[in-house]
Number of protein chains: 2
Amino acid sequence: MVVDVINAKLHENSYRLTGQRKAVLNVMLENKGRHLSAEEVLWEARKILPNIGIATVYRTLEKLASLEVLYKSMFEGNKYRYELAENEKHHHHHVLCLACGQISEVSGDLLHELESKLDDQGYKIIDHELKFYGYCPTCTRKQ
Amino acid sequence: MVVDVINAKLHENSYRLTGQRKAVLNVMLENKGRHLSAEEVLWEARKILPNIGIATVYRTLEKLASLEVLYKSMFEGNKYRYELAENEKHHHHHVLCLACGQISEVSGDLLHELESKLDDQGYKIIDHELKFYGYCPTCTRKQ
DNA sequence: ATAATTATGATAATGATTATCATTATATAG
DNA sequence: CTATATAATGATAATCATTATCATAATTAT
Ligand SMILES: [Mn+2]
Ligand SMILES: [Mn+2]
Ligand SMILES: [Zn+2]
Ligand SMILES: [Zn+2]
């Protein structure tokens, strides 16, 4: 997602692009493809802005997620992770390695068939989330 | 899942079928198809065994989940829910209504194609989890 | 410049889950 | 059966991610 687009989205909602928000955004932009926890974002952001507080990081991540600049998902079950939303990758899914914890991505969307079946039943499906659990190629080889 | 099977599973692992575990099991058996939180299980179990503690409920739910007598999943994001595992329904998936919170079930498994694609890439996929978010038929009609 | 709005950081509160530990129940060995 | 080892329980403290509170600071509108 281009920075201008993000800027526009913030502006639309009359959010100010403060130094703290810039710092958080930079962290996410420099970590395309990674899935960071709030605390990880905090550590990175403090390299840019040493006094930024954890509450601000949470607030910023939530705002950016609500604007769909970021995606928010839960892998370990106790902690959310955030990643930069890239348009072409919308609706990608995840493979979580049970050995090393690595998160890899699966693109492609085979779920339209199921979704239209649900539509026929009267549901209105907005979104879906798919996670695979198993072993990544590296860990599979080591077994 | 039949009670005898559960009994056998417990026995195999030399777990004792105590009054507390019976109470939790009864709660789950009487709530087939529902997805209960630990606290909800506690309230129900206390109707049978008034002094059962929350720690024991957690311990029992975890044990039963590890034996695959129960399935454990997270819907709201902050709280796990447990449901009785029924063999024929293995790998069913969920639709979460964004309006009323109702959880309904989807059977069918269209994911083998994706899983075999991942296998080709060297992954060893053990399990998957699929959630749909949207509106249930009732809430869709009300809109 | 003044007043209103929005944002921030420190810190307390919350809520689900897990750990600890003394006590109790159950099983096993002699 | 009795002693002893093992497993289970309940009360409660600890943990940890997230949210709420609130006084202060920054930005915007008047
Ligand atoms: Mn991703
Ligand atoms: Mn279910
Ligand atoms: Zn791995
Ligand atoms: Zn509904």
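Every chain is numbered from 1 and lettered A, B, ... according to where its sequence line falls, protein lines coming before strand lines.
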* Asked: Would you say C:dT8 has OP1 or OP2 under 4.0 Å from some side-chain N or O of A:Thr18?
  -> yes

* OH of B:Tyr15 versus P of D:dA8: gap in Å, rounded? -> 8 Å

* Please identify each residue that fulfils salt bridge (charged side-chain N to carboxylate O under 4.0 Å, His left out) with A:Lys63, with sequence neighbours left out. => none

* Structure fact -> Closest to the side chain of A:Thr56, out of C:dG9, D:dG10, C:dA7, is C:dG9

* To do: Only counting residues at least two apart or in another chain, list the ones meeting side-chain contact (heavy atoms from CB on, under 4.5 Å) with B:Ser66.
  => none

* Taking DNA chain C as the partner, which of residues 41-53 of chain A come within under 4.0 angstrom of it by heavy atom? -> A:Asn51, A:Ile52, A:Gly53

* Contacts of A:Phe132 that satisfy side-chain contact (heavy atoms from CB on, under 4.5 Å) - sequence neighbours left out -> A:Val95, A:Val106, A:Leu130, B:Leu114, B:Glu115, B:Leu118, B:Ile125, B:His128

* To do: May I have the distance from A:Leu10 (atom CG) to D:dT27 (atom P), rounded to whole angstrom?
  => 15 Å

* Asked: Among all residues two or more places apart in sequence or in another chain, which pass the salt bridge (charged side-chain N to carboxylate O under 4.0 Å, His left out) test with A:Lys47?
  -> A:Glu44

* **Pairing residues for B:Arg21 by the salt bridge (charged side-chain N to carboxylate O under 4.0 Å, His left out) criterion, not counting sequence neighbours** => none

* side chain to side chain donor-acceptor pair (under 3.5 Å) with A:Asn26: which residues, sequence neighbours excluded? -> none

* Within less than 4.0 Å of OP1 or OP2 of D:dG10, is there a side-chain N or O belonging to B:Gln20? -> yes

* For B:Glu30, enumerate each residue passing the salt bridge (charged side-chain N to carboxylate O under 4.0 Å, His left out) test, keeping only those at least two apart in sequence or located in another chain. => none

* To do: Not counting sequence neighbours, which residues clear side chain to side chain donor-acceptor pair (under 3.5 Å) with B:Tyr123? List them please.
  => A:Ser104

* Output all residues satisfying ring pair (Phe, Tyr, Trp, His ring centres under 6.0 Å) with A:Phe75, sequence neighbours left out; order by chain, then residue number. => A:His35, A:His94

* Are B:Val24 and B:Leu17 connected, step by step, through hydrophobic side chains (Ile, Leu, Val, Met, Phe, Trp, Tyr) whose heavy atoms are closer than 4.5 Å? -> yes

* To do: Check the distance between C:dA7's C1' and A:Arg21's CZ and give it to me in whole angstrom.
  => 6 Å

Between the protein and nucleotides 4-6 of chain D, list every N/O to N/O distance that falls short of 3.5 Å.
none

Contacts under 3.5 Å, N or O only, protein and nucleotides 17-19 of chain C:
residue	atom	partner	partner atom	Å
C:dT17	OP1	B:Tyr80	N	2.9
C:dT17	OP2	B:Tyr58	OH	2.4
C:dT17	O5'	B:Tyr58	OH	3.4

* To do: Establish whether B:Met28 and B:Ile103 are linked, either directly or via other cluster members, by ILVMFWY side-chain heavy-atom contacts under 4.5 Å.
  => no

